[in-house]
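Below is one structure, written out as structure tokens; the observations come after it.
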2 protein chains.
Amino acid sequence: MRRSTRKEESPDLGILTSRVLFSVQKEMFETLGLRGHPRVRPRHGAVMAYLDAEGSRATDLAHQSGQHKQVIGTLVDELAELGYVRREPDPEDRRAKLIVPTDLGLDMMSVSDAIMADIERRHALVVGEQAYDEFKRIFHKVADLQLGRGKD
Amino acid sequence: MRRSTRKEESPDLGILTSRVLFSVQKEMFETLGLRGHPRVRPRHGAVMAYLDAEGSRATDLAHQSGQHKQVIGTLVDELAELGYVRREPDPEDRRAKLIVPTDLGLDMMSVSDAIMADIERRHALVVGEQAYDEFKRIFHKVADLQLGRGKD
DNA sequence: ATTGACTATCAATTATGTTGACTATACCGT
DNA sequence: ACGGTATAGTCAACATAATTGATAGTCAAT
């Protein structure tokens, strides 16, 4: 059997994650576009995915998203330009600034959370609620293992 | 509870896939470097992951990897430069060229397949053989569902 | 033989990611 | 309080990657 055929029939973890990631990303940003947020792009996800309503620090976003802090900086510039966030001084640390979502930002956060929930609900419906929960549980464990942490 | 905390405790499908993908990718290319292939980079995966020993067409690689054919072109340029593949005329279609792995390319393909198998074996050992198989089965199904929906 | 689709490639542009350095502030041990 | 060291965010230069539009050759079906 050809290697490409084998990889098609039994895709490995790298292939599965990349396919699902990019396809989910595509659906996410196309749908966001239809729901009033046409200018946000996948890379902005690094900020919007983890942003807290109370505001977040760039460094925290960098850690959570796995991006360099310089990247977060330019993302925040862009998102500020688009009206999704603004920078405020952090009252607890005068070196830091809080990145705080505007009303538009809050809307986008809740819309994107809803889109992701829809996607997952759709899959759970087909593969079975219980099977999907178990899938997520193992996936979480695999992610922690792969990232080098220990989660029991 | 803060949104970022919630996303940390119950990461969604987008977060899980991106974390695992980039972490697997990092391990893959660091290990490939240690095993005699230091010059290949993640993006070359689009070609090397699907390449057949008998040779593959650029268009097929583009479809399988989800990359534009222009990208495949530059990847093949680089891989040819590094001695991993060469272009041969396709005997069945004079428009097309077959991208054929050299001996070095074949070695890299088998090493990378082995690295990925090691990674998955490691996870299977921890979460349980049976649970991991089930995880992969649901993942495959979710991937097919997602690609069918998000309009590949 | 002509038409429309497909293969690969070129070239130009835009987008994204990486690296090193720098200022201001905080933290810690003394 | 003082010094050294670590951290937060930003600048700027550079390196890599992805997107788009166009082209010449080939194919496949009239």
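Each chain gets a letter, A, B and so on, in the order the sequences are listed, and its residues count up from 1.
Nucleotide C:dT9 holds its P atom 12 Å from the CG atom of B:Asp90, rounded to whole Å. Put simply, NE2 on A:His63 is 10 Å from C1' on D:dT7, counting in whole angstrom units. In this entry the distance linking CG of A:Leu61 with P of D:dA8 reads 12 Å, nearest Å. Distance B:Asp77 CG to C:dA8 P: 13 Å, rounded to the nearest Å.
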Would you mind building the protein contact string for nucleotides 16-27 of chain D? One character per nucleotide, 5' to 3', B for base within reach (heavy atoms under 4.0 Å), S for sugar-phosphate only, - for untouched. SSSBBB---BBS
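For residues 84-137 of chain B, the pairs satisfying ring-ring contact (aromatic ring centres under 6.0 Å, His included) are A:Phe135-B:Phe135, A:Phe139-B:Phe135, B:His37-B:Tyr84, B:Tyr132-B:Phe135, B:Phe135-B:Phe139, with sequence neighbours left out.
A:Pro101 and A:Ile99 make their closest contact through CD-O, 4.0 Å (heavy atoms, listed as atom of the first residue, atom of the second, distance).
For B:Thr59, a side-chain nitrogen or oxygen approaches OP1 or OP2 of C:dA8 to under 4.0 Å. OP1 or OP2 of C:dT9 sits under 4.0 Å from a side-chain N or O of B:Arg87.
Using modelled atom types, one side-chain atom of A:Asp90 and one backbone atom of A:Glu92 make a donor-acceptor pair closer than 3.5 Å. Under a 3.5 Å cut-off, the side chain of A:Ser56 and the backbone N or O of A:Leu51 do not form any donor-acceptor pair.
The 12-atom threshold is exceeded at CZ of B:Arg6, counting heavy atoms of other residues, nucleotides or ligands nearer than 6.0 Å.
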Applying side chain to side chain contact (heavy atoms under 4.5 Å, CB included), run through A:Leu79 and A:Val47 and close with a yes or a no. CA-CA 9 Å; A:Leu79 288 167; A:Val47 168; 3.6 Å; yes
